[in-house]
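Heads up: the structure comes next, in structure tokens.
Side chains included, hydrogens not; waters and symmetry mates left out as well; all remaining heavy atoms used. None of these values were measured; they are calculated from a predicted model. Labels below follow one simple rule: chain letters A, B, ... track the order of the sequence lines, proteins then strands, and each chain is numbered from 1.
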Amino acid sequence: MSQELSPRLDPRSIEPARYRAWQEGGHFHVPASAVLEEGRDPFVIVIPPPNVTAALHMGHGLNNTVQDVLIRWRRMQGRASLWVPGTDHAGIATQNVVERQLASEGLHRHDLGREKFVERVWAFVEETGGTILEQLKAIGASCDWERTRFTLDDDLVRAVREVFVSLYEKGLIYRGEYIINWCPRCLTALSNEEAEGEETDGHLWHIRYPIGDEAAGAAESARDAGAESIGQLPDGRWYLTVSTTRPETMLGDTGVAVYPGDERYAALVGASAELPLTGRTIPIVADRHVDPEFGSGMVKVTPAHDKNDFEIAGRTGLDLLDVMTPDAHLSDDAPEAFRGLERFEAREAVLAALEAEGLLAGRDPHTHSVPHCYRCGTVVEPRLSEQWFVSMKPLAEPALEASRDGSVTFTPAHWKKVYEHWMENIQDWCISRQLWWGHRIPVWYCPCGETIVAREDPTACPKCGAAELEQDPDVLDTWFSSQLWPFSVFGWPKEGDDLKAFYPGHVLSTAPEILFFWVARMIMMGYEFMGETPFRHVYLHATVRDKYGRKMSKSLGNGIDPLEVVERLGADAMRYTIVSQAAVGTDISLDHEDVDSAFANGRNFANKIWNAGRFALMSLGDAPVRPLEEVAGDLTPEDRWILSRLAGAAQDATRNLERFRLHEVAEGLYHFFWGEICDWYLELVKSRLASDDATIREAARSTLVAVLDSALRLLHPVVPFVTAELWGRLPRPEGVEWPEDLIVAPWPEDLGAWRDEDVERRFDGFRALVVEVRRLRKEYGVGEGQRVGIHVTGGPNGFAPAIASEGLVLDQLARVDRVETEPGEGVGAHAVLPNGAELFLPLEGVIDVERERARMSGEAQKLDGLLAGARKRLENEKFVSNAPAEVVEKEREKAAQLDEQVRKLREKLAGLEG
RNA sequence: GGGCGCUUAGCUCAGCUUGGUUAGAGCACCUGCCUUACAAGCAGGGGGUCGGGGGUUCGAGUCCCUCAGCGCCCA
């Protein structure tokens, strides 16, 4: 029990061993029987599966700490608290990593072929895939490691197939040719969410298209009617002007469109324009999509290279002409002069050619959002292509309703609006990817033309019997499998015990960036396949930034490696620091250039806990400790005070955990532990712990053990290691049931009986007195080696005698060796406490009367100001009649108290004058 | 273009949901202490017209409007 503890916490010497002990003790594992047979209330979190290739970064550190805090807290509450870990195969991201490896060997995936390439990715994943999960252990994550899942596990493959086929059968998955977002580097389609807009300074070019001679009259009258975008070229031909940010796409134009009600151009509809550089003639059509207010009110239409234009073509019958290759070069369908050019080279070439022909009307600077591939950053090219899609509208309905009716709630609350807005405007989801790494689309094509969509690989065509079926070459969007995670991890579609016990889950904690990618889709799938929401509450955590406010990122090199923090300062230090900063709805800033100081707060706190525990263990010794109940009659005011404060701290912590206000949990406990237990209670109890009087000593020992026991429990979810280490060494009161490890010790509830406002108020008076004495000593330079006597008079009934009886303690706290309850005589320092008690500190020969007068006068002035404010309020008839009675009453008490304080202070001041 | 958020101490931020305490914390700063749990500590202190303006109210950091600056999301 009393083995020597180091005066400085060394996290490395306790954390890894402690974690191992928890794991070996089976504390992380929750079998279905805990719920189904023992009837325990489940609490379930499924981890946002990190990419299998990922290394832990601070965002993971934060998110997984948040989840672990919740999981540990609920576990202590007795819930069957299950946290399911796992990783995501991360289609594009992983494929890219392996492709880069190949590139360094001078190879391309096509050199290996599909099968070999996929084998190579598997080998890579098997070799490195567990890394991030191992790293999670270092930060203390109490996941059920027996349930680790990977989105390409056999079970999960079955789930994906089931969902695909089922949605197909319901008519919610379809294949079609549409404009999709295409990454010309990854050579795959992307969903709208995967094409990330980035504000870019570019240009809006204005190009002139000659109008067909047959419409010269219409053009002239349009110009005369004020249409500035219509004009005449030097050779006499009329032209119209269109604008574009991507001039190279004009080679694929198949029309020009105007707004149907736009009178300026009505006469031109049905006429034709000559498409420069191509020798083609294109029609002028009317379509409601055109905004007559924007630019010239005429737009070029490039149906194969722009989503809106594609829709215009659908309504107006314009042709589709694809002039680009998959890797964004101009194709053979482009005019010969441009073939083979890369798209941005083509842009320059087109502009030069237009300029040469006198058809470039000019350009304006233009800032607009340019979509980039979320994996490789390449500018996304809208491309006409045949892909698989999910119809989202029907799926979105129940998921939208779930938010509206509160079945799913969000923290911070404003995300509810964001979520609903997206859901209300949801668009179909392109789910096919032209990749090799992922869930292969379960669709086969027969030479006879039959399409087979099946849960099991078919061996023959059900229509013609042919055996040479060809599977769709594409794989599914990674998020297609991630969206099933809340139930696929429990074995769905098999209806086993796990699914019964643990679905639906409770909390989903993740980064706001993937609200649409992942969270929204999980909710939709939950309703579609399980008939209910996958979790009740969505917690969207902060963004971790560096000290300049920039998001931490690999490319900026401003990240902090959580493992480095753990190594140097400990997991507790990291956890406390980030949780205490994780105020709802705000970001976290950490100095990546000085990790020690960034996490100093957490490190210092962990060390403080350690030392408080060390002191307690040394002082308590090995003798048996009696249960608190047995010494209840012997408790002193400070015992009752700290127990009352403990009850308050426990209540606050629980309430704040329930509301996901983790930073308030952390800070509240910090102040309770450091500011109240350490700064006051431990100081007060020191002498009693060494007392020869058994009654005094045992009351102190029992209280100290009880307070530390509960305080360590309360702190455990946030700083699990140091708390568990100390708790395991605390002497256990006889006859009280203590679990083997803090990780499963019951959460302190029902401490309300210890609440005692009167005790707290009286203690506050004592505390104020001590602080005042220290202040006066300091003010007059009375060194700590010098003891003083004080006079205390007035104040609440019994205050002065109570202070006098605390002689020993006052000596320790403020070097006071005499307390008189009679007014003092002579020269000294005066003060009036907020509770009205008067304090006199005789300082003959030390004090400067002038200075004391100035000090007291300043004090009185400050209080006067406050008193005036209170009086003004009370004299205000409207305040007295309108404000709630208790507010008025409080104000009266405040005024009376201030009045007394000021009055006494002025009396003293008058005494000094004499 | 549409939507959302932020602006409080030198710095980083709480507090605003539900209006009422002398507006808090950490860091930084100043002063004194190596007091046998902790110098990663202890004690004391200075520092804020709560972005500007207007409104509602007996009462506004908190609610409403508006302006300015900053940021994010969607198109």
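A salt bridge does not link A/D596 to A/R603: none of the charged nitrogens lies less than 4.0 Å from a carboxylate oxygen.
Across all strands shown, the partner of B/rA43 is B/rU31, judged by Watson-Crick or G-U wobble contacts whose two distances both fall under 3.5 Å. Base pairing of B/rU62 is not made with any nucleotide, judged by Watson-Crick or G-U wobble geometry with both donor-acceptor distances under 3.5 Å. In a base pair of the Watson-Crick type (N1 to N3 plus N6-O4 or O6-N4) or a G-U wobble (N1-O2 and O6-N3), with each distance short of 3.5 Å, B/rC50 is matched with no nucleotide. Nucleotide B/rG71 forms a pair with B/rC4, judged by Watson-Crick or G-U wobble geometry with both contacts under 3.5 Å.
At the heavy-atom level, A/V771 lies under 4.0 Å from the strands shown only through sugar-phosphate atoms. A/D679 comes within contact range of the sugar-phosphate backbone alone, with a heavy-atom separation under 4.0 Å but no base atom that close. Among the atoms of the strands shown, base atoms are found under 4.0 Å from some heavy atom of A/V887.
Between A/W674 and B/rA37 there is no side-chain polar atom (N or O) within less than 4.0 angstrom of OP1 or OP2. Note on A/R774: every side-chain N or O is 4.0 Å or more away from OP1 and OP2 of B/rG45. Contact annotation: A/N882 reaches the phosphate of B/rC58 (side-chain N/O to OP1 or OP2, under 4.0 Å). Proximity of A/R777 to the phosphate of B/rA43: no side-chain N or O atom is located under 4.0 Å from OP1 or OP2.
Take A/A520 and apply the side-chain contact (heavy atoms from CB on, under 4.5 Å) test, not counting sequence neighbours, and it matches A/Y419, A/W422, A/M423, A/M524.
Side chain of A/F879, nearest nucleotide from B/rG20, B/rU31, B/rA25: B/rG20. With B/rA25, B/rG45, B/rG32 as the choices, the nucleotide that has an atom nearest any side-chain atom of A/R775 turns out to be B/rG45. Here B/rC4 is the nucleotide among B/rC74, B/rC58, B/rC4 with the atom lying nearest to any side-chain atom of A/H414. Side-chain proximity of A/P834 to the nucleotides B/rA37, B/rA43, B/rU22 is greatest for B/rU22.
Here CD of A/Q786 is found 10.0 Å from CG of A/D817. Values are rounded to the nearest 0.5 Å. The line from CD of A/E196 to CD of A/E513 is 9.0 Å long, rounded to the nearest 0.5 Å. From A/H663, atom NE2 reaches atom CD of A/Q581 across 10.5 Å, with rounding to the nearest 0.5 Å. Atom OG1 of A/T723 and atom CG of A/L708 lie 12.0 Å apart (nearest 0.5 Å). Put simply, NZ on A/K686 and CG on A/L813 are 9.5 Å apart, with the number rounded to the nearest 0.5 Å.
Comparing the P positions of B/rC63 and B/rU21 gives a spacing of 15 Å, expressed to the nearest Å. Distance check on atom C1': B/rU57 versus B/rU62 gives 13 Å, rounded to whole Å. As rounded to the nearest Å, B/rU12 and B/rU18 have P atoms that lie 30 Å from one another. The separation of B/rC27 from B/rA9, taken at their C1' atoms, amounts to 12 Å, rounded to a whole angstrom. B/rC50 sits 13 Å from B/rG10 when the P atoms are compared, rounded to a whole Å. Distance check on atom P: B/rC74 versus B/rC30 gives 47 Å, rounded to whole Å. For B/rA60 and B/rU22, the P atoms lie 15 Å apart once the distance is rounded to whole Å. B/rC34 and B/rA43: their P atoms are spaced 15 Å apart (whole Å).
The interatomic distance linking A/L689 (CG) with B/rA37 (P) rounds to 11 Å, in whole Å. Atom pair A/E420:CD and B/rG3:P shows a separation of 16 Å (rounding to whole Å applied). A/D594 places its CG atom 14 Å from the C1' atom of B/rU12, with the value rounded to the nearest Å. As a whole-Å value, the separation of A/I514 CD1 from B/rC72 P is 19 Å. Taking atom NE2 of residue A/H663 and atom C1' of nucleotide B/rU12, one finds them 13 Å apart after rounding to whole Å. Across the protein-nucleic acid pair, A/F672 atom CZ and B/rA25 atom C1' stand 18 Å apart, rounded to whole Å. In this structure, CG of A/L684 is placed 12 Å from P of B/rA43, rounded to the nearest angstrom. Between A/K416 atom NZ and B/rU17 atom P there is a gap of 19 Å when expressed in whole angstrom units.
Between the side chain of A/K890 and the base of B/rU21, no donor-acceptor pair under 3.5 Å is found. Within 3.5 Å, a donor on the side chain of A/R8 pairs with an acceptor on the base of B/rA40, or the reverse. Counting atom types as modelled, A/E683 pairs a side-chain N or O with a base atom of B/rA37 as donor and acceptor under 3.5 Å.
Nearest-nucleotide positions on RNA chain B for A/K417 and A/K686 put A/K417 closer to the 5' end. With RNA chain B read from its 5' end, the first of the two nearest nucleotides for A/H421 and A/A883 is the one closest to A/A883.
Residue A/M574 is tested with A/I578, A/T577, A/D572 for a side-chain contact (heavy atoms from CB on, under 4.5 Å); the sole match is A/I578.
Proximity of residues 600-608 of chain A to RNA chain B (heavy atom under 4.0 angstrom from any strand atom) is restricted to A/N601, A/R603, A/N604, A/N607, A/K608.
Ring geometry for A/Y670 versus A/F605: interplanar angle of 30 to 60°, hence tilted.
Proximity of a side-chain donor or acceptor of A/E15 to a complementary backbone N or O of A/A571 within less than 3.5 Å is detected.
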